[in-house]
J.: 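Next up is a structure, given as structure tokens.
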Amino acid sequence: MNLIEVRDYEEMSQIAADYLVKQVRKNPASVLGLATGGTPQKMYELLIADHKKNKTNYNTITTFNLDEYMGLKPTDPTSYRYYMDQNLFNHINVQEKNINLPSGLAANVEEECKKYEVRIQEKGGIDLQILGIGSNGHIGFNEPRTAFSSRTHVVNLTASTREANARFFDSIKEVPTQAITMGIATIMESKEILLLVSGEEKADAMKRLFSQEEPNEQFPASILKNHPHVTIVADKKALKGVVVPV
Ligand code: GLP
């Protein structure tokens with residue numbers, strides 16, 4: 001794991017946006033894995049600004065989002081599809097047919113999960129996956145104790161994850177109890193991973209990630225130690241008290 005230590009959220013977002021633009025310019029047919037949540041929001045803002053200014057072309061890219069809540073329509077303001085539309089897709093020239101999120105409304109969820117995996121394979125796999133991390137070490141919505149061999153699947157969200165995400169809803173009662181997420185194995189097949197981490201509430205997760213702890217399913221992000229091409233962009237607050245091995 002390669003670590004880039006940055007000052008703050010702004011610098012993390014700028015580095016992440018530059019990284020992504022570079023990828024798209026290098027390979028205009030890039031398959032991007034995208035994340036939601038608070039962490040990548042500013043990165044998306046910077047991508048939109050860059051698209052306006054420098055005309056970075058997204059016409060031939062394909063996107064796969066990590067996850068989606070169960071039971072929310074794509075037009076629901078709290079769905080991840082809506083988040084992506086508002087924060088990125090409506091402002092760049094990505095083609096609708098190239099946008100992929102699992103559907104939380106699928107009548108046959110098992111089938112939907114399988115189809116999502118097939119679509120990723122058909123596109124040749126994910127070139128660059130953007131990841132955030134939950135304070136309990138979850139990646140995507142893969143909560144502690146999710147099998148490392150998991151592929152796209154339905155998850156029951158933990159109380160702590162629902163609480164952490166309640167800020168995007170009117171009240172915690174409205175936070176769905178389930179989601180569909182890429183599995184750990186799905187994420188690990190990405191050719192490259194960019195993990196973005198900002199803020200003190202992530203410091204314990206960072207301490208654990210940089211500890212001697214071997215990859216284990218109690219702490220999902222620990223699997224990233226086994227990936228050959230991971231870059232972590234983390235700010236000072238997230239790295240508070242973290243001893244980075246040399
Ligand atoms: C959420 C999302 C993850 C995200 C993580 C951190 O539950 N499903 O994809 O990376 O938790 O969220 P945030 O960036 O808001 O801290």
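Indexing begins at 1, ligand by ligand and atom by atom, following the structure's order.
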J.: Does some side-chain heavy atom of Thr63 sit less than 4.5 Å from a side-chain heavy atom of Phe89?
T.: yes
J.: With side chains defined as the heavy atoms from C-beta onward, is the minimum distance between Leu72 and Tyr80 less than 4.5 Å?
T.: no
J.: For the 3.5 Å polar cut-off, considering only N or O atoms, please tell me whether Lys202 and ligand 1 meet it.
T.: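 There is such a contact, yes.
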J.: Mind checking whether Phe141 and His138 have parallel, tilted or perpendicular rings, split at 30° and 60°?
T.: tilted
J.: Taking the minimum heavy-atom distance to atom 14 (O) of ligand 1, which of Thr39, Val175, Leu34, Val197 ranks first?
T.: Thr39
J.: Answer side chain, backbone, both or neither: which part of Asn165 comes under 4.0 Å from ligand 1, heavy atoms only.
T.: side chain
J.: Does an N or O from Phe141, backbone or side chain, lie closer than 3.5 Å to an N or O of ligand 1?
T.: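 Not met; the criterion fails.
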J.: Name all residues meeting the side-chain contact (heavy atoms from CB on, under 4.5 Å) criterion together with Glu111; count only those two or more places apart in sequence or in a different chain, and write none if there are none.
T.: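 Partners of Glu111 by the side-chain contact (heavy atoms from CB on, under 4.5 Å) criterion, ordered by chain and then number, come out as Asn108.
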J.: Nearest 0.5 Å, what's the CE-CG distance between Met182 and Leu101?
T.: 9.0 Å
J.: What part of Ile139, side chain from CB on, backbone N/CA/C/O, both or neither, has a heavy atom under 4.0 Å from ligand 1?
T.: neither
J.: At what distance is the nearest protein heavy atom to atom 8 (N) of ligand 1, and which residue and atom is it?
T.: Asp67 OD2, 2.9 Å
J.: Using a strict 4.0 Å threshold on nitrogen-to-oxygen distance, state whether Arg81 and Glu96 make a salt bridge.
T.: yes
J.: Just let me know how Arg167 lines up against ligand 1, side chain, backbone, both or neither, with a heavy-atom cut-off below 4.0 Å.
T.: side chain
J.: Using a strict 4.0 Å cut-off to heavy atoms of Gly132, name the atoms of ligand 1 that fall inside it.
T.: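 Going through ligand 1 atom by atom, the ones under 4.0 Å from Gly132 are 10 (O).
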J.: Just to verify, what does Tyr44 make a ring-ring contact (aromatic ring centres under 6.0 Å, His included) with, not counting sequence neighbours?
T.: none
J.: Any non-hydrogen side-chain atom of Gln41 less than 4.5 Å from a side-chain atom of Tyr83?
T.: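 Side chain of Gln41 against side chain of Tyr83, heavy atoms only: contact under 4.5 Å found.
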J.: Can you list the ligand 1 atoms lying under 4.0 Å from a non-hydrogen atom of Tyr80?
T.: 2 (C), 8 (N)
J.: Is Thr161 close to ligand 1, meaning an N/O of one under 3.5 Å from an N/O of the other?
T.: no
J.: At a 4.0 Å threshold, what atoms of ligand 1 neighbour a non-hydrogen atom of His138?
T.: 1 (C), 5 (C), 7 (O), 11 (O)
J.: Which of the numbered atoms in ligand 1 are under 4.0 angstrom from any heavy atom belonging to Ile133?
T.: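 Reading through ligand 1 atom by atom, the close ones are 6 (C), 10 (O).
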J.: When you measure from the heavy atoms of Gly140 to every atom of ligand 1, does any distance fall below 4.0 Å?
T.: yes
J.: Could you walk me through whether Tyr69 and Phe168 pass the ring pair (Phe, Tyr, Trp, His ring centres under 6.0 Å) test, one step at a time?
T.: CA-CA 12 Å; Tyr69 288 114; Phe168 298 111; 9.0 Å; no
J.: For atom 4 (C) of ligand 1, find the nearest protein heavy atom and state the residue, atom name and distance (0.1 Å precision).
T.: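 Going by distance alone, atom 4 (C) of ligand 1 is nearest to Thr36 O, 4.2 Å.
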